[in-house]
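The next block holds one structure in the form of structure tokens; read it before the comments.
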Amino acid sequence: MILLKNVTKEYRLGKTIVHALRGIDLDIGKGEFVSICGPSGSGKSTLLNLIGCLDIPTSGTVHIMDTNIISLQDADLARLRNRTIGFIFQMFNLIPVLNAYENVEYPLILQGLPKQEKRERVLRIIEEVGLSDFIKHRPDELSGGQRQRVAIARALVTNPKLVLADEPTANLDAKTGIEILELMKKMNEKDKTTFIFSTHDPKVEQYANKTYTLSDGSIT
Amino acid sequence: MKTLFLLALRNLFRNKRRTAITFMAIISGMTGIVVFGGFVQFTYQGLRESTIRTQLGHIQIYKKGYSDKGVAEPSKYLIENPEKVIKTLFQIPNITMITSRLTFSGLISTGEKTLIFKGIGVDIAQEGEMSDFETIVAGEPLEPEMTDGGVVGVELMKGLGAKVGDHLTVMTTTMDGVINALDFKVVGVAQTGAQDYDSVFVKLPINLVRKLLDTQFTEKIIVLFNDTAMVEKAISFIASITKQGGLEYRLWSDLAFFYHKVVGLYDGIFSVIQVIIGVIVLLSIANTMTMSVFERVKEIGTLRAMGTTKGRIMKLFIIEGLLIGLIGGIIGIVVGIVTAYTINISGGISISPPPGMSRGYTALILIVPEILLQSFLSIVLVSTLSSLYPAYKASQLKVVEALQHI
């Protein structure tokens with residue numbers, strides 16, 4: 001489902017070239033619950049960005065659902081992200097002017113679904129993440145754990161094949177972090193959605209059924 | 001699109017203080033345009049009506065050829081049967097006055113002092129409406145029974161050193177070119193507001209002037225309607241009458257050269273003011289939008305990550321600009337109207353005498369729907385345009401860099 005071959009990613013930082021990824025080969029199948037570990041600056045986020053079609057590699061190929069993302073235009077990449085991939089961010093990244101319901105609904109609006117279908121799907125996923133009583137609440141009226149649940153609901157409402165979570169528990173206390181991981185695991189097992197999350201917390205790694213460790217841009 | 005409008009509207013009020021300042025810039029600009037535009041329109045209306053009602057009338061009718069050659073050979077271009085023409089003209093609805101006039105010029109004398117003058121022979125019985133804008137500053141206005149009386153301009157009276165009740169002699173040439181003179185009694189001194197005119201004009205009964213010029217004809221017939229807007233409706237009938245009678249006509253707008261110059265000047269000033277206000281509003285909104293983009297970089301990255309296209313991001317910010325213009329424009333119109341009413345209720349604005357005029361006036365602010373609509377549309381356009389560049393910049397942000405923005 002996800003196939004990376006000899007992927008490199010370089011950034012120019014002033015006059016210096018930073019080698020964020022060096023010859024990454026990766027093959028992740030449907031329904032896997034994968035963690036990408038490594039210290040800060042090891043290239044975890046860069047790798048997730050490439051898998052999430054948010055960026056393109058300097059060299060090598062990235063295939064998502066048999067599509068080589070390098071050949072896609074910006075609008076096609078946006079469409080692929082909307083229909084295939086869900087994102088969960090470390091800082092939750094909810095839209096502050098929208099309430100919980102509207103935040104979850106947003107990706108479906110981009111798909112142009114009928115009103116009734118949108119409503120059913122949004123309410124169902126909000127119920128699954130346990131926030132039915134908070135649908136009218138804006139992000140600043142929710143706790144960190146509740147915000148991350150909204151983010152998970154938003155990532156899953158489109159029934160994506162793949163969910164990418166960049167350090168999803170880093171801004172949560174230990175108990176809430178475990179609740180979030182268990183929720184993600186439940187969703188993974190229920191719908192066979194592939195989850196890839198980055199972390200540098202060893203306790204989080206144990207939830208994954210496969211772990212890749214990155215060091216200085218390479219998988220070790 | 002509904003979601004974009006909802007997002008844009010809510011984003012607009014995220015930073016309430018900044019939005020309030022932006023709205024204040026728009027409202028101030030709109031109020032300035034509405035009030036100045038209303039003042040300009042009041043000036044146009046006042047000048048137009050005073051020009052029509054003191055000098056020109058709405059329509060002037062002459063013998064055919066008068067406009068081209070009447071000045072050189074006035075005796076050849078007189079209307080021979082004015083009563084018949086006037087009777088026909090009275091069939092037109094909404095006419096308040098039709099009068100005959102004869103103009104002439106020559107020398108006016110007290111016996112000791114002689115000056116040049118510009119005379120006008122009027123049909124006193126019909127002329128009442130036309131005299132509304134003349135102020136009698138001494139004596140009394142001409143009445144039909146004052147067959148040898150006359151009204152003289154205030155500046156001319158000063159020049160002659162005459163007073164009400166004096167007898168003055170006017171001397172001119174008859175239609176046949178013979179020098180003729182007659183005496184009249186000054187019954188009143190008038191001020192029209194135009195200093196140059198006040199220093200030369202003499203108004204006499206038309207029959208007295210006919211005697212002086214040795215003619216029974218009329219130089220021009222002046223038609224006045226109860227409303228300037230009625231002129232358009234009467235043109236075809238007037239054209240038909242004049243064509244059949246060997247006559248020609250001119251509209252007030254063909255004769256009001258000073259009025260058109262003033263309109264041209266004020267229109268130019270108004271345009272410059274509109275452009276200045278437009279630029280200030282444009283910069284103000286562009287600044288607000290740019291700051292808004294800068295503050296929401298991470299959010300833009302999130303929207304893009306979820307599959308929002310560049311075009312949709314651009315639309316979002318353009319709609320924000322549009323909404324700023326729409327909301328600010330509506331409030332601006334209301335504040336502009338309230339300001340105009342307040343000025344009018346408190347007695348208007350006292351304006352000093354313009355160049356060449358002897359009297360100032362009190363200006364009111366007219367509420368002109370065209371100006372309200374035009375300024376509203378301009379503000380909406382300007383605010384939408386000012387959001388284009390920030391919107392473009394927002395749409396071009398790289399997703400990864402936007403998501404990493406702190």
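Side-chain atoms are counted along with the backbone in the values below, which use heavy atoms only and exclude waters and symmetry mates. Proteins get letters first, then strands, A, B, ... in listed order; numbering begins at 1 in each.
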Report task. Please answer whether the main-chain N or O of B:R304 pairs with a side-chain N or O of A:R81 as donor and acceptor at a distance below 3.5 Å. Result -> yes

Between [X] and chain B, with a heavy-atom cut-off of 4.5 Å, which part of the residue counts as in contact: side chain, backbone, both or neither?
{"X": "A:D55", "answer": "both"}
{"X": "A:E102", "answer": "side chain"}
{"X": "A:R83", "answer": "neither"}
{"X": "A:L54", "answer": "both"}

Report task. For B:A305 and A:F89, work out which heavy atoms get closest and say how close. Result -> CB-CZ, 4.0 Å

Report task. Show your working on side-chain contact (heavy atoms from CB on, under 4.5 Å) between A:L98 and B:L7 and close with a plain yes or no. Result -> CA-CA 8 Å; A:L98 300 180; B:L7 258 178; 3.9 Å; yes

Nearest-0.5 Å distance, [atom1] of residue [X] to [atom2] of residue [Y]:
{"X": "B:L403", "Y": "A:N49", "atom1": "CG", "atom2": "CG", "result": "7.0 Å"}
{"X": "B:R10", "Y": "A:N99", "atom1": "CZ", "atom2": "CG", "result": "6.0 Å"}
{"X": "A:N93", "Y": "B:K298", "atom1": "CG", "atom2": "NZ", "result": "5.5 Å"}

What do you reckon, is [atom1] of [X] surrounded by more than 12 foreign heavy atoms closer than 6.0 Å?
{"X": "B:E295", "atom1": "CD", "result": "yes"}
{"X": "A:L13", "atom1": "CG", "result": "no"}
{"X": "B:Y392", "atom1": "OH", "result": "no"}
{"X": "B:F294", "atom1": "CZ", "result": "no"}
{"X": "A:K161", "atom1": "NZ", "result": "no"}
{"X": "A:R79", "atom1": "CZ", "result": "no"}
{"X": "B:M24", "atom1": "CE", "result": "no"}
{"X": "B:Y389", "atom1": "OH", "result": "no"}

Does the side chain of [X] reach to within under 4.5 Å of the side chain of [Y], using non-hydrogen atoms?
{"X": "A:Y106", "Y": "B:L303", "value": "yes"}
{"X": "B:T3", "Y": "A:E105", "value": "no"}
{"X": "A:D74", "Y": "B:T309", "value": "no"}

Query - Residues B:T302, A:R154; criterion side-chain contact (heavy atoms from CB on, under 4.5 Å); working and verdict - result: CA-CA 12 Å; B:T302 307; A:R154 182 178 68 182; 3.8 Å; yes

